[in-house]
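A quick write-up on the structure given underneath.
The chains referred to below are lettered A, B, ... by the order of the sequence lines, with proteins before strands, and numbering in each begins at 1.
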There are 2 protein chains.
Amino acid sequence: MSEPRWLTDAEMQAWLRVLRLVMLLPGSLDRHLRRAAGLTHASYTILAILSDAPERSMRMAELARQSATSQSRLSHVVAALEQRGWVTRSPSPSDGRGLIAALTEEGVRVLERTAPGHVAQVRATVLDPLSPDEIAQLSTLLGKIVDSIEADDVRTTDPDAPATP
Amino acid sequence: MSEPRWLTDAEMQAWLRVLRLVMLLPGSLDRHLRRAAGLTHASYTILAILSDAPERSMRMAELARQSATSQSRLSHVVAALEQRGWVTRSPSPSDGRGLIAALTEEGVRVLERTAPGHVAQVRATVLDPLSPDEIAQLSTLLGKIVDSIEADDVRTTDPDAPATP
DNA sequence: GGCTACTTGTTGAAGCTTCAAGTATATCAG
DNA sequence: CTGATATACTTGAAGCTTCAACAAGTAGCC
C-alpha cells in the first residue's frame, strides 16, 4: 500500500470547510428545534418523512434508509416519539417481521407547529446565502460526494469486504 | 412573523443532500479512525491541529475555535487524550486562566501512523469524485454556508439576542 | 418438510456530547 | 484599589448514538 498523496492547499481548504459544516450544522439544527419543540433533529426528520408518506406511515427499514439513520438509532428515536404520542408502531400485515410507524394527529400538529421555524432556519443558514445557480451546483457536488460515502460504507461495512483488491 | 416560503424542488434536493452528508460523514470518519487507531474523529482532529501548530501546542480556547468544538467537549476529549499519554496540559505562563495542550512524542507517532489512512479515506469519499474545478466550487459554496451558520449561532446563542429586530 | 442464510427490528451497555453550574483569573471603570 | 463584568476551563449528570448480541420471520433449496 503506497503512501497516499497529501492534500493540496485548495483541497485542504475545501476539506476544512466540509468538516466545519459537518461539525456545526447538526448542533445548530438541534438547538433551534429543541427550543422550538423539544425535538432533536433526528426525531424531527422522522416526523417530516412520515408526514410526506402515503397514509403518513412507513416501514421502519424504509424510514431508516430515507433518513440515513441506523436501524438501532431509529428504533430508539421512534420509541421515544411513541412515548410522547406522536407516532405509533403496528405490525406489518404483509411481513411478520415488519413494523409500520405512523404519525398520529398530535404528531401532525407538532410538525405543523415546528416546520415553519425550521424551514426559516434552513433558508437563513444554508439556502439564502446562495444564488439559484449555486444551489444547483451544490446539489450536483454533494450528490457525488454522498454517493461515494455510501459506496465506501457498503464496502467497509460488508462482512466479506475485499481488502482493497 | 410571516410564513416563510417553502422549498422549491431544486432547493429541497440540495438540502436533502446537505442533510445526508451531515448524517453520513461523521459516522464514516469515526468508524475508519476507530478501527485504525481507536480514535474518534473529534480526537483525531485535535491531534492533527496540534501537530501543525508551533511547538505542537496550543491554548485550549484557540484549539476549540479551530476545531469548531465547544470548550466543554474539548475539555473532555483532551482529558481522554491526556489519559492515553498523547497530549499534555500545562498552565499558560502569560495567562493564569489558560491551559496549553501539547502533543507528546507518542501522540506524534499515533498521528503519523493514522494520517495516511485517514487522508486516503478523505480522498476516496470526498475529494476524488470531484474535478479540481469542482473542488474550488465546493470550497466557495461551503464557505458561504459555514459563515452564515456561524453568524446564526452567534445571533441565537448570545445572551442578549435581539428577537429578530 | 426441513436446512441454511438473510432480513427486520429491538435491547442494554458503553461511549460521546451537551447543558448548566461552578471555580479561578483577567480586565476595566471609577 | 475595589467591585463588576467578562473570559478560560472543568465538572457531572442527562441525553443521544453506536455497537454487539439477540429474537423472530422470510426465502431459497434440496
Side-chain angles (χ1 to χ4, degrees), chain A residues 22-35 38-46 58-65 67-84 87-101 153 156-160, chain B residues 22-35 38-46 58-65 67-84 87-101 153 156-160:
Chain A
V22 153
M23 292 293 282
L24 295 174
L25 189 54
S28 181
L29 296 173
D30 273 347
R31 261 190 303 283
H32 278 261
L33 283 168
R34 173 145 11 204
R35 287 180 192 175
L39 277 174
T40 294
H41 184 254
S43 44
Y44 176 90
T45 302
I46 301 309
M58 193 180 280
R59 278 286 291 272
M60 294 288 282
E62 179 62 13
L63 205 44
R65 269 185 287 278
S67 60
T69 300
S70 70
Q71 274 196 138
S72 166
R73 182 177 176 179
L74 179 64
S75 211
H76 288 294
V77 168
V78 171
L81 289 173
E82 196 175 35
Q83 283 292 321
R84 302 229 234 165
V87 162
T88 59
R89 273 180 295 190
S90 48
S92 161
S94 62
D95 184 336
R97 300 163 296 182
L99 283 187
I100 296 180
D153 282 355
T156 56
T157 298
D158 250 348
D160 43 70
Chain B
V22 153
M23 292 292 285
L24 296 174
L25 189 53
S28 182
L29 296 172
D30 273 347
R31 261 191 303 284
H32 277 262
L33 282 168
R34 173 146 9 203
R35 286 181 193 175
L39 277 175
T40 296
H41 184 253
S43 44
Y44 177 90
T45 303
I46 301 310
M58 193 180 281
R59 277 286 292 271
M60 294 288 282
E62 178 61 15
L63 205 43
R65 269 186 287 278
S67 60
T69 301
S70 70
Q71 273 198 136
S72 166
R73 182 177 175 180
L74 179 64
S75 212
H76 287 296
V77 169
V78 170
L81 289 173
E82 196 175 33
Q83 283 292 319
R84 302 229 234 166
V87 162
T88 59
R89 272 180 296 192
S90 48
S92 161
S94 62
D95 184 336
R97 301 163 296 180
L99 283 186
I100 296 179
D153 282 354
T156 57
T157 297
D158 250 348
D160 44 67

Q.
Under the rule for salt bridge (Lys or Arg N to Asp or Glu O under 4.0 Å), what residues qualify as partners of B/R84, not counting sequence neighbours?
A. none
Does any donor-acceptor pair link the side chain of [X] with the base of [N] at a separation under 3.5 Å?
X	N	result
B/H76	C/dG15	no
B/T40	C/dC16	no
A/S92	C/dT8	no

Mind calculating the distance between [atom1] ([X]) and [atom2] ([N]) to the nearest angstrom?
X	N	atom1	atom2	value
B/Q71	C/dT17	CD	C1'	15 Å
A/E82	C/dT11	CD	P	10 Å
B/L99	D/dT11	CG	C1'	14 Å
A/R89	C/dT11	CZ	C1'	11 Å
B/D153	C/dC19	CG	P	11 Å
B/L74	D/dT11	CG	P	13 Å
A/H41	D/dT17	NE2	C1'	16 Å
A/R34	C/dA20	CZ	P	9 Å

Quick one: label [X] by what it contacts on the DNA or RNA (base, sugar-phosphate, nothing), any heavy atom closer than 4.0 Å.
X	value
A/D95	sugar-phosphate
A/A42	sugar-phosphate
A/S70	sugar-phosphate

Q: Rounded to the nearest 0.5 Å, what's the gap from NE2 on B/H76 to OG on B/S43? Could you check?
A: 14.0 Å
**Q.** Pairwise 5' ranking along DNA chain D for A/D30 and A/G96, keeping only the more 5' one
**A.** A/D30
Q. If you pin A/R97 and A/T69 to their nearest nucleotides in DNA chain D, which one's is more 5'?
A. A/T69
Q: Indicate whether any N or O donor in one side chain lies under 3.5 Å from an N or O acceptor in the other, for A/S28 and B/D153.
A: yes
Q: For the helix from C/dG1-D/dC30 to C/dG30-D/dC1, figure out the bend between the end axes, five pairs an end, and round to 10 degrees.
A: 30°
